[in-house]
There are 2 protein chains.
Amino acid sequence: MSGRREEILDAALDIADEHGLEAVSMRALADRVGVTPMALYRHVKDKSALLDGMIGRLLTALLPARTPEDQTWEERLGALGHACREVTRRHPWAAHLLFSRPAVTPDAVRAVDIVYTALIDAGVPESQVPRLERLVSTFVIGFAASEASGRFSPGTLDPRSRRGQLPDEELPGHRRLAPYLDLPVDLTAEFEADLEDIRALIRAAAGRP
Amino acid sequence: MSGRREEILDAALDIADEHGLEAVSMRALADRVGVTPMALYRHVKDKSALLDGMIGRLLTALLPARTPEDQTWEERLGALGHACREVTRRHPWAAHLLFSRPAVTPDAVRAVDIVYTALIDAGVPESQVPRLERLVSTFVIGFAASEASGRFSPGTLDPRSRRGQLPDEELPGHRRLAPYLDLPVDLTAEFEADLEDIRALIRAAAGRP
DNA sequence: ACCTGAACACCGTTCAAGT
DNA sequence: ACCTGAACACCGTTCAAGT
């Protein structure tokens, strides 16, 4: 029950928030905790175990203390999705780590269970629930990771880079959509619209037993 | 036009395929090419530019030489999705890199354009096409990254880890779905089913102008 | 139990120098 | 133009030793 481990993990979170994940080294972490690098191995075993511990801390913060019973399945799914996106907006370095490790910690299993019960309540046939859970979580984590890594906003780097590198006649889609492509994107509204489309997909799956 | 750069990038791909992405160091790459580490900077500028160049090579291999005109939009979307998954199955280390960099290279822009035209042909209102392109690509890359990183198969590490860590009454979804949770998953079939659900989502978007 | 010092085998990158 | 050698400021981790 030693809070020492949590203290170390939280120090690592602070370093990542301030200077990025690549700044989280055993040596820098030891410095921050006020100890020699080797002392960390008493509490963490490994660098990769350290990273696992860090996302574990985030998952604990992400989850609702108790799943509210008075919400519809649509609301519970939306709340979990927004919570996930909120965590990766606060800790952009964490986004791609969510893809790296399977859902084996207790908190991650609880998150999966929330989606399972939402899908069951939606009326999805039980044999289809595990697949649709993976579809939903893949999309939500993928959106969060795309936003965090800047995949959704290439224009900020070089506004004209999307076109110009190729002759326009080879990009009929871009030419046709030109009026829409330079508009700023409201990712919060887009995420909500995406979630609504996913909910419709789930309703369709529920309606074909 | 010097093929020297491509030679170096392909050597880096070989190292990653054989020993993982973390084995791709400037020094190891220089050894493989038969040169001193510093000589690489003549052709690559940076380590991160090296990584960009590597995914660039993969994207070129992934794309169809010319978009076939005789396929339906459903077929073109499916072909691109399967090509993407195929690349990350052959090069698992590449999956999470696809999330890191925005689609700015000519090949990446061409891939986006293929999805744009598929969505336009499906009848999606033009104002909705960019959002749905991001939804589709996020899901496809997310699926590929999940599969490559093992996020979809936690059972291979520890078959009983999903349950057992928490009391069963806190995991009603898992308890209810128990008969389905230990079955082996056919990810090829699952990806196809997911794609079909996404296509239905697109048809729905096309039907509400 | 918990921590330290010194050491090993690595990194990416800069800089001046060579041909 | 293209490459090299030496150096700088870092890594994760092991191992024997200290309290």
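Chain letters run A, B, ... following the sequence lines, proteins first, then strands; residues in each count from 1. Remember, it's a predicted structure, so these values are computed and weren't measured experimentally.
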Could you list the donor-acceptor pairs under 3.5 angstrom formed by side chains in residues 17-25 of chain B, with sequence neighbours left out?
| from | atom 1 | to | atom 2 | distance (Å) |
| --- | --- | --- | --- | --- |
| D17(B) | OD1 | H91(B) | ND1 | 2.7 |
| D17(B) | OD1 | W93(B) | NE1 | 2.8 |
| D17(B) | OD2 | H91(B) | ND1 | 3.2 |
| E18(B) | OE1 | R32(B) | NH2 | 3.0 |
| S25(B) | OG | A28(B) | N | 3.0 |

**OP:** Whole angstrom is fine here: how far is it from CZ in R5(A) over to C1' in dA1(C)?
**Re:** 17 Å
Original post:
Does a side-chain N or O from H43(A) land closer than 4.0 Å to OP1 or OP2 of dC3(C), or not?
Top reply: yes
Original post:
Just how far, in rounded Å, is P of dC11(C) from CE of M38(B)?
Top reply: 14 Å
Subject >> Atom-to-atom span, CZ of R27(B) to C1' of dG5(D) - whole angstrom >> reply: 12 Å
Subject >> N-O pairing of D186(A) and R131(B) below 4.0 Å >> reply: no
Original post:
Does S25(B) place a side-chain N or O at less than 4.0 Å from the phosphate oxygens OP1/OP2 of dC11(C)?
Top reply: yes
**OP:** Could you state the atom-to-atom distance from CG of L40(B) to C1' of dT4(D) in whole Å?
**Re:** 12 Å
Original post:
Whole-Å distance between dG12(C) C1' and L51(B) CG?
Top reply: 12 Å
Original post:
Is any NZ, NE, NH1 or NH2 atom of the basic residue among R199(B) and E192(B) found under 4.0 Å from an Asp or Glu carboxylate oxygen of the other?
Top reply: yes
**OP:** Go through dT13(C), dT4(C), dT13(D) for me and flag the one nearest to the K47(B) side chain.
**Re:** dT13(C)
Original post:
Between dT4(C) atom C1' and D31(A) atom CG, what is the distance in whole Å?
Top reply: 14 Å
Original post:
Can you say whether the rings of F143(B) and F191(B) are parallel (under 30°), tilted (30 to 60°) or perpendicular (over 60°)?
Top reply: tilted
Original post:
Whole-Å distance between dC10(C) C1' and E22(B) CD?
Top reply: 13 Å
**OP:** Verify, without hydrogens or angle tests, whether R76(A) (side chain) and V115(A) (backbone) share a donor-acceptor contact under 3.5 angstrom.
**Re:** no
Subject >> Nucleotide nearest A28(B) (side chain, heavy atoms from C-beta), chosen from dT4(D), dT13(D), dC11(C) >> reply: dC11(C)
**OP:** Dot-bracket notation for DNA chain D is requested: 5' to 3', Watson-Crick or G-U wobble pairs only, both distances under 3.5 Å, with ( ), [ ], | and . as defined.
**Re:** .|.|||||...|||||.|.
**OP:** Could you check whether M26(B) gets within reach of a base, just the sugar-phosphate, or nothing at all, counting any heavy atom under 4.0 Å?
**Re:** sugar-phosphate
**OP:** Would you indicate, yes or no, if dT13(D) has its OP1 or OP2 atom less than 4.0 angstrom from a side-chain nitrogen or oxygen of Y41(A)?
**Re:** yes
Original post:
Taking the six-membered ring for Trp, is the centroid-to-centroid distance between H174(A) and Y116(B) below 6.0 Å?
Top reply: yes
